[in-house]
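Chain A is the first sequence line, chain B the second, and so forth, proteins listed ahead of strands; every chain is numbered from 1. Because only heavy atoms are used, hydrogens play no part in the values below, and waters and symmetry mates are left out as well, while side chains stay in.
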Amino acid sequence: MSDFVLKRVVALLLPFVQMFGLYVIFHGHLSPGGSFSGGIIVGLGMIAFSLVFGLEKGSEKLTERTTTLIESFGTLWYGAMGLVGVLRGSSFLMNKGSGVPLGEPGKLYSGGLILLITLGVGLKVASTMVTLFNALMEEED
Amino acid sequence: MATAISENLPVLLVVMLLSTAYILPVLTRVRRFRLVEIFSILALCLTLVGGAYLAKEVLHNGSFHYQVGGWPAPWGIELVINSLTGLFLITIGFVTIPIMLYASADLVEEVGSRQRAIWFMTLFLLLTAALTGLAVTGDMFNVFVMVEVASIASVAIVSARNDAASVEATFKYLMLATIGSGFVMLGIGFLYILTGNLNMGFIQHELSTTWQNYPTALWMGMSFFMVGFGVKSALFPLHVWLPDAHSTAITPASAMLSSLAIKGYIIALLKVFYMAVGAQIILALPITNILLVLGMVAIIAGALFALAQDELKRRLAFSTVSQVGYIFLGIGLGTVQGLGGSLMHILSHAITKALLFLAAGSIVKYTGESKISEMAGVGYQMPVTVGVFTVGALSMVGIPLFSGFVSKWQLLLGSLQAGNYLAVLVLVLGSLLAAAYLLPVVKVAFFQKPEEKPLYGEAAYVQLVAMLFLAVLIILVGTFPGALLELAQQAARTLLGLEVLL
Amino acid sequence: MGDLINRILQNYPYIFALALFGIGTFTVLTHSNLLKKVIGINIMEGSTYLFFIAAGNIRGGVAPIKDMASQGEVIHVNPLPQALMLTGIVVSVSVTALSLALIMRLYKLYGTVDAREIHQIRNEVRASGNSN
């Protein structure tokens, strides 16, 4: 595809799309939003890039190796955050018992471990979307 | 540290398996592939040890609950660890370790590339993790999530080789499994609407007082569960996906699916019926009668279909349909003896069918023949493989001193106690038919001379170790079933509400 | 009779959901085009979302978001089924992706996306004794 308009528009919009995705991820724990929907938006930004600029350029920016690493990292990160509670002598995924402050209504960065978990899940979802897209596209040729 | 581990063991087992599954893809560039295999086998061994520890705890101190995130029951997700959990965790450990060991010998060669091999192991561990999750969970929606993870993982490992036959079987399996999930989800929806709870204990508490007000809705919910889990666990009229999927997958995958994956859904069904809805209501609605009839039909029909197959792996796949019928028959009896027998059969069929599939896979691979009629004289070339196949066949028929006998004897006693002579007849007939479809394989392999001089030898050393491990296990369980049988009967008592859930 | 109609009118979302579920299942089981099967799967999963969301709905309730500015009593709908359905959506996304990948693979192997034709080709291959 060599459409000038398409390329310009995607190049212009991409930062905003990614920003919006991150916004949704970061607001997931105490307000409307969430890691899954945010991660999908971030992933879709990357998919749009691959669609317009070509699969090769897309996978140059984000190699298969990187997406695999991020995917594994996201899952392991979730497990590690859960283990914080166990190591602090309370139960798995526990927030209060592991000594982190609880969330306060209206304050964004106050949800204890949940924000960190949300970040991990968002990364995982974004990279999974890219992996799925690449897997479907590569089958074609 | 030690107390932290033992207190959080149920959730740690699942987390450990999931983490291992996701560490593996990172290791694609490790030079020695053996390291990856040892790593995953280690994780499975830890599962067995953890499961045995939990089983011991439950056997001595009774069931206990674990609250994820420290949130008490109606709000948080609760894990319930009882004898059913212990028994299934031990089964998982017994079966997955030898299968992984067997797979490690020629996995890369079987699936094509190292990367695919690693993906296979990841999916295998994900499936194990989901089954472990099903064993420990006490929350309806958690059941749904674990069932979905197990379904997708088991669908994906069918197509590990990615050839024409297995991809077609995979697609069929995926469609039917998803329909099954839809039914399960609607069933959960019915229970949620009726009770406003997703926690099994709370659902039971709520239903026990109010269920007579809406028997129709409850019936509908239960039938959705029955169809959903019936499709997934290949109960007879709903088994159409199984023979294709299990016979075209690579050997470790078919062994895993046939021996463990379908049992996970039966465990889930038992949890829904007896832990969420409660034995009182299930026995008052005559749901168990339906399962009893379906089980009997499955035993006979599955065995007859198996007799008609000439392809070894297809015959074993239909044999699974027949053996699932035994489990449902035991559930249908609705007595401690019957349910205990069918829980025992879950274990004994798991180890037996895993052994049969592994041995059959070796025979098919090394001789290059998939048809039984062309396997003349295989026994002379592969004495150990065919020897362990014989052990598996005898156990499946239900000869004393093999594990199959223990569970079938329990089922027989249960039917006699319930005064159901038709079930007794069907059980005996099923065993005779099992002899009719499995023993000819042994006969052809040992007592017929091959036409031309064979050019193949015994299976790989590691694979023989894996199969011998299972064969020894079958004989051990068959001769000393003591603790396991006790565990199964305690689980049956707990499920039927004769032993108070703590 | 009036009672029955009243009950139907009050529970219409559930009836719609079950009807949709039937349509979806029927599509999966009867259509031989693989892509239509996937569409059927999605209709079926969609009906379960409707079922759950209807279960959590309260007439006149608002989205379960705590609004610091609003005053007085506000009725929120039940957020739990909505959270559950998010999980359901994740599952159906992965099932759809997996089935589309499988369809592409099948198309490459058999040259068609029709289940009946694929089955025919399979049987011919098996009949000719070449067990692939």
Working to the nearest 0.5 Å, report the span between [atom1] of [X] and [atom2] of [Y].
| X | Y | atom1 | atom2 | result |
| --- | --- | --- | --- | --- |
| C:L34 | B:E168 | CG | CD | 9.0 Å |
| B:I193 | C:Y14 | CD1 | OH | 4.0 Å |
| C:R105 | B:S166 | CZ | OG | 8.5 Å |
| B:F171 | C:I118 | CZ | CD1 | 8.0 Å |
| C:L102 | B:M175 | CG | CE | 8.0 Å |

Is it true that atom [atom1] of [X] has more than 12 heavy atoms of other residues, nucleotides or ligands lying nearer than 6.0 Å?
| X | atom1 | result |
| --- | --- | --- |
| C:K36 | NZ | no |
| C:Y107 | OH | no |
| C:H119 | NE2 | no |

Atom group of [X] that falls short of 4.5 Å from chain C, counting heavy atoms:
| X | result |
| --- | --- |
| B:L186 | both |
| B:E148 | side chain |
| B:I188 | both |
| B:N142 | neither |
| B:M140 | neither |
| B:V167 | both |
| B:Y173 | neither |
| B:V155 | side chain |

key: Per-residue contact mode, C:L29 against chain B (heavy atom under 4.5 angstrom)   = side chain
key: Contact origin within C:T87 toward chain B - heavy atom pairs under 4.5 Å   =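 Answer is side chain: those atoms of C:T87 sit under 4.5 Å from chain B.
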request  = Begin from the C-alpha positions of C:V28 and B:L176 and carry the test side chain to side chain contact (heavy atoms under 4.5 Å, CB included) through to its verdict.
outcome  = CA-CA 9 Å; C:V28 183; B:L176 287 169; over 6 Å; no
query = Which one, C:I121, C:L84, C:I103, C:V90, leads in non-hydrogen pairs under 4.5 Å with chain B?
reply =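 Highest number of heavy-atom pairs under 4.5 Å: C:L84.
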request  = Go through C:L106, C:T25, C:L18 and name the one with the most non-hydrogen pairs under 4.5 angstrom from chain B.
outcome  =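 Most heavy-atom pairs under 4.5 Å with chain B: C:L106.
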Verdict with reasoning, C:M85 to B:M185, per side chain to side chain contact (heavy atoms under 4.5 Å, CB included) = CA-CA 10 Å; C:M85 282 314 102; B:M185 181 109 113; 4.1 Å; yes
key: Test side chain to side chain contact (heavy atoms under 4.5 Å, CB included) applied to B:L174 and C:I41, step by step   = CA-CA 10 Å; B:L174 177 63; C:I41 286 284; over 6 Å; no
ask   = Quick one: of B:A177, B:G189, B:A156, who has the most non-hydrogen atom pairs under 4.5 Å with chain C?
value = B:G189
key: The single option from B:F141, B:W75, B:Y192 passing side chain to side chain contact (heavy atoms under 4.5 Å, CB included) against C:L80   =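 The passing option is B:Y192.
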message = Test side chain to side chain contact (heavy atoms under 4.5 Å, CB included) on B:I152 and C:S94; report intermediate values, then the result.
response = CA-CA 8 Å; B:I152 293 180; C:S94 41; 3.7 Å; yes
ask   = Any donor and acceptor pair, going by atom type alone, linking the side chain of C:Y110 with main-chain N or O of B:A164 inside 3.5 Å?
value =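 Looks like yes, one N/O pair under 3.5 Å.
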query = Where does the angle between the aromatic ring planes of B:F190 and C:F51 fall among parallel (under 30°), tilted (30 to 60°) and perpendicular (over 60°)?
reply =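 Tilted, since the angle between the ring planes falls between 30° and 60°.
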